[in-house]
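One-based numbering along the sequence shown. Values below: every heavy atom of this structure, side chains too, minus hydrogens, waters and symmetry copies. Note that the coordinates shown come from a computational prediction; the quantities given were computed from them, not determined experimentally.
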Amino acid sequence: MKHIKFTLIAAITMVLFACSKSDINEEPETILSDISGVWSEYAYLCSDGYFVDISDTGYNMYYEFASPNKFTQYTVEDAEKKEIIKQGEWVYNAETNVAHVTEPRGWNLDITFDFGMLNDSYIATMKIKGRTPNQSSTIKVKRISQ
């Protein structure tokens, strides 16, 4: 009877160590605790409830979250010159996936991120809530630099 108990305890211990050891070595799936970098818009949610692809139109917006906390929203003109739309400071809460952007004129934004992967690139759906309905939108973005 002692031999059976010892064998059973040894087997359970081996199973527990085997499970915990494999969990330590596994890479996490998409986990972003930091949104820093440049995100390029490639689609927007239209009023009919579907996303419109604008990736090849040249009308996409860029959202730059520079470290430590500088935010810039801009477009790029034909001459590769940035046309700045909004600037401010950002704070990101990784638990809620919400970035709060404070703009000097008070046109602050709350941006909720829903992350994903596409062809080994980070993508996200950004739900942008501004202070007016015209500032609010839902877009799809791709991280193009960190």
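Residues passing the side chain to side chain contact (heavy atoms under 4.5 Å, CB included) test with Ser67, sequence neighbours excluded: Ser36. Qualifying ring-ring contact (aromatic ring centres under 6.0 Å, His included) partners for Tyr42, counting only residues two or more places apart in sequence or in other chains: none. Under the side chain to side chain donor-acceptor pair (under 3.5 Å) criterion, Ser40 pairs with Asn60, not counting sequence neighbours. Contacts of Glu77 classified as side chain to side chain contact (heavy atoms under 4.5 Å, CB included), with partners at least two apart in sequence or in another chain: Lys81, Glu83. Residues meeting the side chain to side chain contact (heavy atoms under 4.5 Å, CB included) test with Thr96, sequence neighbours left out: Asn93, Val98. Taking the side chain to side chain contact (heavy atoms under 4.5 Å, CB included) definition, one finds that Glu103 meets it with Lys86, Arg105, Trp107, Asn108, sequence neighbours left out. With sequence neighbours left out, the salt bridge (Lys or Arg N to Asp or Glu O under 4.0 Å) criterion links Glu64 to Lys82.
The hydrophobic cluster containing Phe51, built from Ile/Leu/Val/Met/Phe/Trp/Tyr side-chain heavy atoms closer than 4.5 Å, also comprises Leu45.
Note on residues 109-120: pairs passing side-chain hydrogen bond (donor to acceptor under 3.5 Å, both in side chains), not counting sequence neighbours, are His100-Asp110. Sequence neighbours left out, not one pair with a member in residues 123-134 passes side-chain hydrogen bond (donor to acceptor under 3.5 Å, both in side chains). Pairs of residues two or more places apart, or lying in two chains, that qualify as side-chain hydrogen bond (donor to acceptor under 3.5 Å, both in side chains) and include a residue from residues 44-55 are Asp53-Ser55.
Ile128 has its side chain out of reach of Thr138: every pair of non-hydrogen atoms, C-beta onward, lies at least 4.5 Å apart. Counting only heavy atoms from C-beta outward, the side chains of Glu41 and Lys140 never approach each other to under 4.5 Å.
Atom CZ of residue Phe65 and atom CD of residue Glu89 lie 13.5 Å apart, to the nearest 0.5 angstrom. Atom-to-atom distance recorded for Trp39:CH2 and Ile144:CD1 is 10.5 Å, nearest 0.5 angstrom. Taking CD1 from Ile84 and OH from Tyr74, the interatomic distance works out to 9.5 Å, rounded to the nearest 0.5 Å.
Heavy atoms only, all atoms of each residue included: Ile54 and Thr57 are closest at O-OG1, 2.9 Å. The minimum heavy-atom distance linking Val52 with Cys46 is given by the pair CG2-CB, 3.9 Å. Phe71 and Val101 get closest at one heavy-atom pair: CD2-CG1, 3.4 Å.
In terms of hydrophobic clustering, with Ile, Leu, Val, Met, Phe, Trp and Tyr side chains grouped at heavy-atom distances under 4.5 Å, Tyr59 and Met61 are assigned to different clusters. Grouping the Ile, Leu, Val, Met, Phe, Trp and Tyr side chains by contacts below 4.5 angstrom, directly or via other members, places Val141 with Phe115.
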Report task. Take Ile35 and Phe113, measure what side chain to side chain contact (heavy atoms under 4.5 Å, CB included) needs, and give me the verdict at the end. Result -> CA-CA 9 Å; Ile35 59 168; Phe113 284 79; 3.7 Å; yes
Report task. In sequence, state the C-alpha distance, the side-chain angles, and the governing distance for Tyr63 and Trp90, and then conclude on ring pair (Phe, Tyr, Trp, His ring centres under 6.0 Å). Result -> CA-CA 11 Å; Tyr63 298 84; Trp90 63 276; over 10 Å; no
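Defined by atom type and a distance below 3.5 Å, a donor-acceptor pair is present between the side-chain atoms of Asn97 and Tyr92.
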